[in-house]
Amino acid sequence: MKITPQLIQDHGLKPDEYERIVQILGREPNLTELGVYSVMWSEHCGYKHSRALLKKLPTQGKKVLQGPGENAGILDVGNGWAVVFKIESHNHPSAVEPYQGAATGVGGILRDIFTMGARPIAILNALRFGPLSNLKSRQLLTGVIRGIADYGNCMGIPTVAGEVSFDDSYLDNCLVNAMCVGVIRHDKIIKGVASGVENSVIYIGATTGRDGIHGATFASTEISEKSQEKRSAVQVADPFMEKLLMEATLELIEKNLLIGIQDMGAAGLTCSTCEMASRGNMGIEIDVSKVPLRELKMNPYEILLSESQERMLLVAKPGCEAEIHSILKKWDLNAATIGKVTETGLMVVKHEGEKVVEVPAQSLTDPPMYHPQKLEPAFLAEYRSFRESSIPVPTNFNQILLRLLADPTIASKQFIYQQYDHMVQTNTIVLPGSDAAVLRIKETNQGLAMSVDGNGIYCLLNPYEGGKIAVAEAARNVACSGAVPIGLTNCLNFGNPEKPEVFYMFEKVVEGMSDASVALEIPITGGNVSFYNESQLGPIDPTPIIGVIGVLDDVSKHVTQWFKKSGDLIYLIGEVNDLIGGSRYLQVVHGKKTGICPTIDLKNAKLLYQCLNELANKRLIQSAHDCSEGGLAVAISECCFTGIACGKPLIGAKINMAWHGRMDGILFGESQSRVLISFSPQEKKLVDQILSTYGMTFQQIGVVGGSQLLIEQAVQIDVEYIAEQFFSSLEHQVNSGGKA
Amino acid sequence: MRFSIIVFPGSNCDHDCEYAIRQVLKNPVEMIWHKNTDLKNPDCVVIPGGFSYGDYLRTGAIARFSPIMESIFNFANKGGLVIGICNGFQILCEAQFLPGVLLKNKNLRFVCRNTYVRVDEVDTPFTNQCKNSSVLSMPIAHGEGNFFIDEEGLKKLEDQHQIIMRYCNSKGQITDESNPNGSLKNIAGICNQARNIFGLMPHPERVCEKELGGIDGQLIWQSISNS
Amino acid sequence: MSWHAKVYVVLKPSVMDPQGSTVQRALHQMGYSAIENLRIGKFIEVNFDQALQEQEVHKQLNEICDKLLANPNIETYQFQIERV
Amino acid sequence: MSWHAKVYVVLKPSVMDPQGSTVQRALHQMGYSAIENLRIGKFIEVNFDQALQEQEVHKQLNEICDKLLANPNIETYQFQIERV
Ligand SMILES: Nc1ncnc2c1ncn2[C@@H]1O[C@H](COP(=O)(O)OP(=O)(O)O)[C@@H](O)[C@H]1O
Ligand SMILES: [Mg+2]
């Protein structure tokens, strides 16, 4: 077939990119080769617009065993154990087919973890939808949650934490980011590398069908009416197959039978073949007529580009093939030796004896890199010019508090996480519902704390501060649980990077994240970029999602967020101030998505985390909870009642503090780096001393007790009543169409 | 007391049961792959939770044809103890070791949360360490735990005292609000007529350690050990 | 050429159908008030090797329905066979 | 008297059916080796109020299939109506 300009365009390649391919090959590519380049050089696989920036991320650290570049990042947690983790987006597929899209998203990130030899111990997710008053948003939410739940539940991997919020900007383009965490002994770590000439390349797992051909290219364009038609068959999730694949893979690795292994995710067989060859500086030759197929008459183009799920490619150690096959047989999995490692550096594909692809493997993994134009969007100046004084201070604070607690972004996500098995594997020490989930590592005393976080509106108002805050907040969640944050993964969800305004925001967010990562000494071990999150409504809010891992050397020292005991003192660490810019309060109550984004002092944040860690280590505090959306009043409320989700009684509090300014800002403003702690009066001296040592600003703001929440003269309300609103609101709104 | 845990493709609470029995309760355990036929001479067989064969078609439907099932049948016929938890309960029903069936939860959603169950029969090898009418706190995690049986079957279960535990509130009252899945008569666990086969939806292996929020599950394992 | 079978598995009338009633309720809420008795069963299609006699196909179908495709405690089944 | 409709919802041929293939594999292992292409769909039975015209039943069925009973991304449907 002749390669026409139209064909090149249909493959999402630009004319000069095509020229580059011709130069590399010294000839015109054939259609199959064109397909192979087009997927590997798509934005989704090739990071064409983001790579230059991502290279600047701080990825080094004492505990980093594996930074970006492999299937997942790896951190040392001591005692010979390591944690393997990564986050990935499945936004576009989920927007089209929420159930299967979300399920296959979970399947994909799980493979990234167990392909490194680690047993997945936890799944997390971050989701964004349009408002629940919209039928489509409700359908997306319901489908996505079921998809995540069915996959993780069937696999027997607990979904322990997550984050969901709602905003108009995600109406047609929901976000589905899934993160997985696994643990592994150092000596079992294996990589996606091919080496050893003549070693066999083996395909295992599900059969290959025509589903998801060009999925990577699809994820690299905006969603439109047309994208629906452009899709080939929807990828269907088969968690049972993945469970078998996981057990078999872990057994193969445990028995030391493999040189390298890589999952087939985006760009399927193409990607795994050339990436393994390229990482090992080798070539690979495969015969696609040997690939187990599900459909008749598939041509090499289709076989190479199919994104059928639940498949892996592995390179066998010499002499181990027979044992590999017998293990796969035990698990009833397909396996086929489809090729071998070569020294040529070429990716060669044969089909029925004929050579159909011959290209340098490295050229596929080294796509063009762009430095897109950037332009500060005009709206930023507008947001900055917002005057808080233009908002009248209301007086009905009880009602406002109730409204915020019932706001789906703030309200309990119990309705969602009860659909996830969050206890299987019996490691979950802190269940969903506190700032971070805490899991034990069974063979040790240690625990891992984990949290995902992101805040689109801060990044919209001020991308640099927003980027910093995203990192700091996820880390703060982990620190509140008593753990030391040791590394992070991130998923950058943005609009079309070819639009200078979008790219401007992207760059600023990444700068902010980088600076926070350096200042907080939390290296970035990997992540994912999802561009082209746009619809007729324009780009989504810039949404970096940060997943942080923390370590507790003694898991019994973990801290949860709810008040424990009547008579305990309540401290606020951090400042009392009255700024309402960018707050959920301003948005929900006044309908204004604007204002000056809160700022954060990273030096102080670092000290705060160390301070929290010391308080936890010395077992001085009963609870710690960070103030985030909804501000101080919402945070205090949550301390009063979130324990009931774990069978603990609810309990009131009486708050009196030194404050000045506007009461709505005091109660609902979202100043950063603030944490509420509670502790027994006996510990006051020691707590004061530690807080002072770290230079924290703090004050006693109240005492735990009673059945009411009393804040100054402003709030007086029964805890049982607000708890009821908080826990039932989301389910109610999903069922009733967004009416609170 | 020797335990054998059956591992089906898709079982995923097998290691949780193993950990609870071996590490917490210090009993010997064997893991038995479903394609085998040798149970390794246990005193009690455990069919763990999970999604055997992905729960495709119907929960437990395909697992009952595994080679190991015949060995379990023979073992049970000789009076050996068999406990099926969650998916294990579903398999026991599909295999007709226990009467009834577990339908989709009434609200069609998977539910993972703590529940309370009242132990109504203590004269069994699985509950002999419980006090009559005692309330245990145990989590559930299932999409299909809605026990159903026809009227005649129910009457038999009641007459023969085969309904071992029922969902209740923290005070032990059997109420609609405390029924998490629409189960007939709030049934959470039943045994066969011979009382040596027990199926239940809640997960005793998940509450054997304080760190995990409770130790009520130990009572089940201890009862088995003592019988 | 082979045998094509269509198998219908339905819940016995006495067995409640949580899924069916939920769907029916949803449809009522959407305004389809003329709907009643909605029940959800399974529709299984399967081919048999042409070499088999019709009688043998019939026999095998009965077996696999009894053993696997339907649960006799709660379900009944029917099937049709045709040559294609 | 009322209208009785039978609705068949099946996966599009290009869409993978993990459930069907798992069941088929199980049947093969049980010795039913002549079986191929087993696919599992839904069989929905529903009644409509007799007061409706046949045309109206037809229209409503199309609507509820499109909106709720079938997922147009991966499934297709057919139905039959009869008076009972
Ligand atoms: N936002 C990011 N920050 C740091 N590393 C990133 C980011 N996005 C992608 N990466 C890294 O780039 C590499 C390629 O990512 P990806 O294509 O998503 O991998 P895979 O296809 O194996 O999931 C990975 O090592 C990933 O960790
Ligand atoms: Mg990968």
Side-chain angles (χ1 to χ4, degrees), chain C residues 1-11 13 17 19-53 56-70 75-80 84, chain D residues 1-11 13 17 19-53 56-70 75-80 84:
Chain C
M1 281 288 288
S2 65
W3 297 102
H4 182 74
K6 295 180 176 172
V7 183
Y8 311 86
V9 179
V10 299
L11 284 170
D17 176 11
Q19 203 180 357
S21 12
T22 304
V23 169
Q24 172 163 320
R25 225 174 308 128
L27 289 171
H28 285 172
Q29 273 170 19
M30 289 159 67
Y32 297 96
S33 52
I35 280 173
E36 277 161 45
N37 286 331
L38 189 148
R39 310 270 294 172
I40 302 185
K42 292 193 187 101
F43 175 53
I44 301 166
E45 290 180 282
V46 57
N47 290 346
F48 284 80
D49 195 312
Q50 50 170 329
L52 264 55
Q53 299 289 313
E56 175 62 18
V57 174
H58 205 92
K59 177 171 158 274
Q60 290 200 6
L61 267 171
N62 264 320
E63 283 177 22
I64 66 175
C65 284
D66 286 336
K67 287 191 195 167
L68 184 63
L69 299 184
E75 292 168 329
T76 56
Y77 63 88
Q78 283 193 322
F79 54 77
Q80 296 154 4
V84 288
Chain D
M1 282 285 288
S2 66
W3 297 102
H4 182 73
K6 295 180 176 171
V7 183
Y8 310 85
V9 179
V10 298
L11 286 170
D17 178 12
Q19 183 168 216
S21 16
T22 305
V23 169
Q24 171 165 318
R25 231 175 302 134
L27 289 170
H28 284 174
Q29 276 172 11
M30 288 159 68
Y32 297 95
S33 53
I35 279 174
E36 276 161 47
N37 286 331
L38 190 149
R39 314 261 299 170
I40 303 183
K42 280 184 233 140
F43 174 56
I44 301 161
E45 291 180 283
V46 56
N47 290 345
F48 284 81
D49 195 310
Q50 51 171 326
L52 262 52
Q53 300 289 311
E56 177 61 18
V57 173
H58 204 93
K59 178 170 155 278
Q60 290 200 7
L61 267 171
N62 264 318
E63 284 177 18
I64 66 175
C65 285
D66 286 333
K67 287 190 198 165
L68 195 63
L69 300 185
E75 293 169 330
T76 56
Y77 62 87
Q78 283 194 321
F79 53 76
Q80 296 156 3
V84 288

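Note that the structure is a prediction, hence the values are computed from the model and not measured. Only this structure's heavy atoms are used, side chains among them; waters, hydrogens and symmetry mates stay out. Sequence lines set the chain letters: A, B, ... in the order given, protein chains first and strands last, and positions in each chain run from 1.
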For [X] against [Y], the heavy-atom pair lying closest together:
X	Y	answer
C/I35	C/H28	O-NE2, 2.8 Å
C/L69	C/E75	O-OE1, 4.1 Å
D/Q53	D/W3	C-CZ2, 4.3 Å
C/C65	C/F79	SG-CD2, 4.4 Å

Closest-packed option against chain C by number of heavy-atom pairs under 4.5 Å, given D/V9, D/D49, D/N47: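 Most pairs with chain C among the choices: D/N47.
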Interface residue of largest heavy-atom contact number with chain C, from D/M30, D/E45, D/Q60, under 4.5 Å: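 Option with the top pair count is D/E45.
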Largest heavy-atom contact set with chain D, pairs under 4.5 Å, which of C/V10, C/V57, C/I44: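 Top count of heavy-atom pairs under 4.5 Å with chain D: C/I44.
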With a 4.5 angstrom heavy-atom cut-off, which part of [X] approaches chain D: side chain, backbone, both or neither?
X	result
C/V7	neither
C/K6	neither
C/L52	side chain
C/L68	side chain

Exercise: do D/Y32 and C/E63 side chains pair donor with acceptor under 3.5 Å: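 Present: a donor and an acceptor within the cut-off.
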CD (D/Q78) with more than 12 external heavy atoms under 6.0 Å: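 Check fails, neighbour count at 12 or below.
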